[in-house]
2 protein chains.
Amino acid sequence: MPRTTLKNIAQAAGLSTTTVSLVLNDKPHHISKKKCQLVKDLAIKMNYRPNRLAVGLIKKQSKNIGLIVPDISNAFFAEMTKGVEDIVRSNKYNLLLCNSNGRNNLELECINMLADSSVDGLIITMSPESFGAKEQLSLNALKSLGLHAVIVDSFNEINQFSTVSIDNFQAACSAVEYLISLGHKRIACITGPIGPKTTENRLNGYKYSLKKHNISYNENMVFHGDYHYQSGYDAVAVLLANKPTAIFCLNDQMAYGAVKALKKQGLRVPDDISVIGFDNIFFSQMVEVPLSTVSQPIYKLGEKAAQILITELTTKQKTQHLVLEHTLKIRQSTAKINN
Amino acid sequence: MPRTTLKNIAQAAGLSTTTVSLVLNDKPHHISKKKCQLVKDLAIKMNYRPNRLAVGLIKKQSKNIGLIVPDISNAFFAEMTKGVEDIVRSNKYNLLLCNSNGRNNLELECINMLADSSVDGLIITMSPESFGAKEQLSLNALKSLGLHAVIVDSFNEINQFSTVSIDNFQAACSAVEYLISLGHKRIACITGPIGPKTTENRLNGYKYSLKKHNISYNENMVFHGDYHYQSGYDAVAVLLANKPTAIFCLNDQMAYGAVKALKKQGLRVPDDISVIGFDNIFFSQMVEVPLSTVSQPIYKLGEKAAQILITELTTKQKTQHLVLEHTLKIRQSTAKINN
DNA sequence: CTGTTAGCGCGTTCAA
DNA sequence: TTGAACGCGCTAACAG
């Protein structure tokens, strides 16, 4: 049995579809109270609900918003997505979810598919691959498709899209400064893939803070991981050669891996070596050694992105670059240097 | 600048929209090679992409699939969603994501919104509230809207929808039997909210295995949690009164909470008390004491659900009830009884 | 106060 | 070999 359409209820009421449409959409009209009531009753009785595709086609707005993330099964993106979803839904939009699997070409496909679905706008966290020329590819796609977009976890002053993120440079500084305040001088760093601004900024914060405290920067104290658990684990074997007393991991997942590897090497965290992470995903309070970390307001990042997008969509407001506050979350994986 | 439409390219080619449509959709036709080529070239040059809303409206299939989960920020659902998304996308569908926040009324709203968006079908994990009469509410909504649906993590032989899940009863049995094989007799259980079949089946498995081994069932050894970390933590204070030597938690999150509380009480896991979980979410290998648990094929649950749905959509295949294999994942939170 | 007409962008008869 | 005409379900202009 097909859904009841405007026409169905128009027929049942003996009126035109226009009349019914006017009444049901609360448009200004001059239709008799009785007919109004008739239409409304009928709509309820026949369980009428407008077809969003048809409305979207004519109004040129689908009431759909797209979200592109590298990997929804990653705790960071899952929590961010929740923030997006809550705002989107409370504004009567639907959310189209896409995974780019961290690949720039898939990201481009997602952008196109979402455009094909006439999304009113989209929220995107660029894939790790999308930096430099490839980032431009994505940005240009968005631009040429005339899409409204908000970019999360990336800060690009010169582009025409709104952004939401924390100040990754300062956040990294605060983590490293904290380590230094604990007496650490031999501070290693496990990074994500080199290229994206987010990673660059964190790494620059690390370098800056070292320099500021007259600690010379040693390339061998930096391991380039990929933001996954395993790379944090693998990094330890390499970094230990340089006898660090602390390790700054550019995300929590890699910190978990590092802690695990350290334990396997017979080193105690934080007694023998300190580890600090970045993100403060939910599980960081529950891992073997509750993780000290730079806390990002992950859920809020998603919320704000959605709010900004919807605001841009409804009012004709210009783009903005929102920087959310980070905090340092001290738990038990860091301690004063001990020697 | 608006997107190029069929009409645009028809004009540019000096042909009718019909001709263009025929060519671009590879429909049987008798159009000269040259014109064919012209159309195809133009389509590429003008970057033509069909409007999915328009196509959906006319074909009566939107190529959209809906997914309703209680909470996408929950690691279990995030991973399941990834499985769904991968299959959905590789079949050229789009995914509409909805959170029910665990509430039946929101679940109903989601179902309606998805129906309004003309989704071709949907995948749903019922909210914990949706059991008994409330479950029927959701089921009836799906039915009366004529929606194709696949239900994940729930098994209901009498309904008309396909289901995908593991055998929760057997899975619970295997966990408890394992504990018993380790010599445990005083086995406590931390459950989720009572009502949903999934929880009931696990609890019944627990009871059945106890009985099978002549261990009398003691109501005070069962704590009714809510599947969240905190309730696992809170349960311990209550359960300890009955001196259990092992605790069976109906999901991993609560197991983490239990382990944490146990530690706080000065008890060592597994030396003083064993803990076993359920789900095997990704983090269970990384928590303080790597968790022994019943492993569900979470990603596969999502994959299979999507595959079944798409199969039902394309071929007119009847519903099926797929039961996936679980396994027991023994890690370090369980040990032989020690007294 | 209400209905007719037109069309959003597309696919599908049918006639030419 | 091609195109005009129709309709998916709906809204918006303009009549009347």
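All chains are named by letter (A, B, ...) in the order of the sequence lines, taking the proteins before the strands, and each is independently numbered beginning at 1. Values reported hereafter were calculated over all heavy atoms of this structure, with side chains retained and with hydrogens, waters and symmetry mates removed.
- Within 3.5 Å, a donor on the side chain of A:T18 pairs with an acceptor on the base of C:dT4, or the reverse.
- Between the CG atom of A:L22 and the P atom of D:dA12 there is a distance of 9 Å, rounded to whole Å.
- Residues B:S130 and B:N104 bring a donor and an acceptor atom of their side chains to less than 3.5 Å of each other.
- The distance between atom NZ of B:K7 and atom P of C:dG7, rounded to the nearest whole Å, is 8 Å.
- Following rounding to the nearest Å, B:K60 (NZ) and D:dC10 (C1') show an atom-to-atom distance of 12 Å.
- Note on B:T19: a side-chain N or O is less than 4.0 Å away from OP1 or OP2 of D:dG3.
- The base of D:dA12 has none of its N or O atoms less than 3.5 Å from a complementary donor or acceptor on the side chain of A:S21.
- Residues A:S138 and A:E107 bring a donor and an acceptor atom of their side chains to less than 3.5 Å of each other.
- Checked by atom type, the side-chain pair B:Y299/B:D86 shows a donor-acceptor distance below 3.5 Å.
- The phosphate of C:dG11 has OP1 or OP2 within less than 4.0 Å of a side-chain N or O from B:N25.
- Contact check, B:S16 against D:dA4: no side-chain N or O comes under 4.0 Å of OP1 or OP2.
- Donor-acceptor pairing under 3.5 Å is lacking for the side chains of B:N140 and B:S144.
- Put simply, A:K35 has a side-chain N or O that comes within less than 4.0 Å of OP1 or OP2 on C:dT2.
- Note on B:I58: a base of the nucleic acid sits closer than 4.0 angstrom, heavy atoms only.
- For A:S21 (side chain) and A:T17 (main-chain N/O), no donor-acceptor pair under 3.5 Å exists by modelled atom type.
- Within the nucleic acid shown, A:L15 comes within 4.0 Å of sugar-phosphate atoms alone, with no base atom in reach, counting heavy atoms only.
- Rounded to an integer number of Å, the gap from OH of B:Y48 to P of C:dG9 is 11 Å.
- With rounding to whole Å, B:I31 atom CD1 is found 13 Å from C:dG11 atom C1'.
- One can place NZ of A:K63 at 23 Å from P of D:dG9, the figure rounded to the nearest angstrom.
- The NZ atom of B:K27 sits 11 Å away from the C1' atom of C:dC10 (whole-angstrom rounding).
- For B:A54, taking side-chain heavy atoms from C-beta onward, the closest of the listed nucleotides D:dG9, C:dC10, D:dT11 is C:dC10.
- Nucleotide D:dG9 holds its P atom 13 Å from the CE atom of A:M46, rounded to whole Å.
- Residue A:S32 is classed as a sugar-phosphate contact, given heavy-atom separations below 4.0 Å to backbone atoms only.
- Regarding contacts with the backbone of C:dG9, every side-chain N or O of B:T5 stays at 4.0 angstrom or more from both OP1 and OP2.
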